[in-house]
Amino acid sequence: MTPALAQDQAGIAGVLEHTLQDALRVIASLDTRAVACATAPQAPQALSRTGTGFASALADFNARYAAGFAASAGPRYLGFVTGGATPAALAADWLVSCYDQNPTSGIDGSAPDLERETLAQLRELFGLDNGFSGAFVTGATLSNFVGLALGREWVGEHRGLQVSESGIAALGAVHILSGAPHSSIFKAASMLGLGRQAVETLPLLAGREAVDIAALEARLAGLQGEACIVVANAGTVNSVDFDDLAAIGALRERYPFWLHIDAAFGAFAALAPAAADRVNGLSEADSICIDLHKWLNVPYDAAVQFTRRQDLQLRVFRNSAAYLGAPGATPDFVHLTPENSRRLRALPTWFALRAYGRDGVRDIVERCIRHAQRLAAHIDASPDFVALAPTRLNVVCFTLRDNAEGAAGEAKVQSFVMRVRDAGEAFVTPTFHHGRWGVRAAFSNWRTRDEDVERVWLALKAALPD
Ligand SMILES: *Cc1c(COP(=O)(O)O)cnc(C)c1O
């Protein structure tokens, strides 16, 4: 053992204590430090020959990088859809590395059982029946990828072939129909060999991001019985709109399609009684995507995918090797998702659900909705801003009043967002919605309080162009 490693082994208590103190300092700074910042690229350091041990590595990390990190775990980071980490989830994430389990198979311990218990609790949280099986993946992109891979296999079944065995060349083109799909659907189509062009975006209801059911039905009828994939959206990123999931589910009586529902953060509407009707019909799905590192507030990276067709999943993802054994009635996770070895991704979720329960999750969701409504009320009452969409759930989508269309409007929004960022009080992201450039403020962090919404509002006003 080299001296640096031997010294850290002997001083492990000091290493962890030191990390604890540093972590507490970071958490305490979330209220006061810049929420995001522009950083100059660091001159990359060359590889160390001997290493210098943990303490000096931490000092170097703090000096060169940590100060330039975004406070994305904090209460006023409203870019993208970004969750934080509740205390139990954060502590559990440390334990993940401490135990360093590989839950690929259950041959050596109970880690996969913990994942199964967590998946069953998530099913309950979202009101899904036992017909759904689930697995952990890194994020909604991978969850969508797995769901569409199952859809591809299912379409193959309709055409009398197993795509997992014979490959996509024999499959031919597959139509993927959706109203306002997330960008990751196109990426998944590309990765699956179906191609981005396979994704057909259908007409939306007027002024909405929800698919026009009549247009969907007309397209399905036009396919004349050809099996296809429909991606229904439960929570779009700009206006958090929801397709009519029950109506789409009902179409399956007349048309053959695999129904994948992207409910990355929209699934959490099920927790808020005032919004729960939006996800009526969620269990009509053949596959469902739900992110956990967003609204559940577990650290990156965690999402879940559910399906009713684990048999298809085994065909696609089965990993044959003598030492892994044949997948039995309760298949090991190695046979269900793209990963082979991986971390015990379920543990932070297990702790969060155990520590805070359904009520704790519901409280976070309802507070975020309230914060979004509060900011939206400011926007609506202001002569300087205008809403681009109604605030349906946790995202406020707005723009500068009288903002131009096209490149001029884009430039104005970009510089507004950068001024907000550089002032350090809040972080929001630009977007393009129904032909206009605008700004999104997404509330999904458990720490956000009413005072933070007021701070965000002041920061937005202060960043207005002169
Ligand atoms: C965030 C999001 C995704 C992608 O999620 P990642 O976790 O970043 O991979 C997909 N769909 C929707 C609706 C999302 O909001």
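Remember, it's a predicted structure, so these values are computed and weren't measured experimentally. Counting convention: from 1, in listed order, for ligands and their atoms alike.
Residue Gly235 has at least one heavy-atom neighbour below 4.0 Å for each of these atoms of ligand 1: 13 (C). Close approach to Val237 involves these atoms of ligand 1, each under 4.0 Å from a residue heavy atom: 15 (O). Here is the list of ligand 1 atoms found below 4.0 Å of a heavy atom in Phe265: 15 (O). Atoms of ligand 1 lying under 4.0 Å from any heavy atom of Gly139, numbered from 1 in the order shown and given with element: 7 (O), 9 (O). Near Ala264, meaning under 4.0 Å from one of its heavy atoms, ligand 1 places the atoms 2 (C), 11 (N), 12 (C), 13 (C), 14 (C), 15 (O). Heavy-atom contacts of Ser184 reach the following atoms of ligand 1: 10 (C) (cutoff under 4.0 Å). The Asp291 neighbourhood of ligand 1 comprises atoms 1 (C), 5 (O), 6 (P), 7 (O), with distances under 4.0 Å to a heavy atom of that residue.
For atom 13 (C) of ligand 1, the choice among Leu292, Asp262, Asp301 with the nearest heavy atom turns out to be Asp262. Around atom 15 (O) of ligand 1, the closest heavy atom drawn from Lys294, His293, His182 belongs to Lys294.
Atom CD1 in Ile261 sits 10.5 Å away from atom SG in Cys289 (nearest 0.5 Å). Here CZ of Arg76 is found 3.5 Å from CZ of Arg455. Values are rounded to the nearest 0.5 Å.
Contacts between Asn144 and ligand 1, counted as non-hydrogen atom pairs separated by less than 4.0 Å, involve the side chain only.
Within 6.0 Å of CD in Glu124 there are 12 or fewer heavy atoms belonging to other residues, nucleotides or ligands. Remark: Glu405 CD is loosely packed, at most 12 non-hydrogen atoms of other residues, nucleotides or ligands lying under 6.0 Å away. Under a cut-off of 6.0 angstrom, the local environment of CZ in Phe61 is crowded, with over 12 non-hydrogen atoms contributed by other residues, nucleotides or ligands. Around CZ of Arg436, the count of heavy atoms belonging to other residues, nucleotides or ligands within 6.0 Å does not exceed 12.
Residue Val137 comes nearest to Glu339 through the heavy atom pair CA-OE2, 4.1 Å, listed as atom of the first residue, atom of the second, then distance. Taking both residues in full, the closest heavy atoms of Thr337 and Phe317 are given as C-CD2, 3.6 Å, listed atom of the first, atom of the second, then distance.
From the protein, the heavy atom lying nearest to atom 5 (O) of ligand 1 is Ala140 CB, 3.0 Å. Looking only at heavy atoms of the protein, atom 9 (O) of ligand 1 is closest to Thr141 OG1, 2.6 Å.
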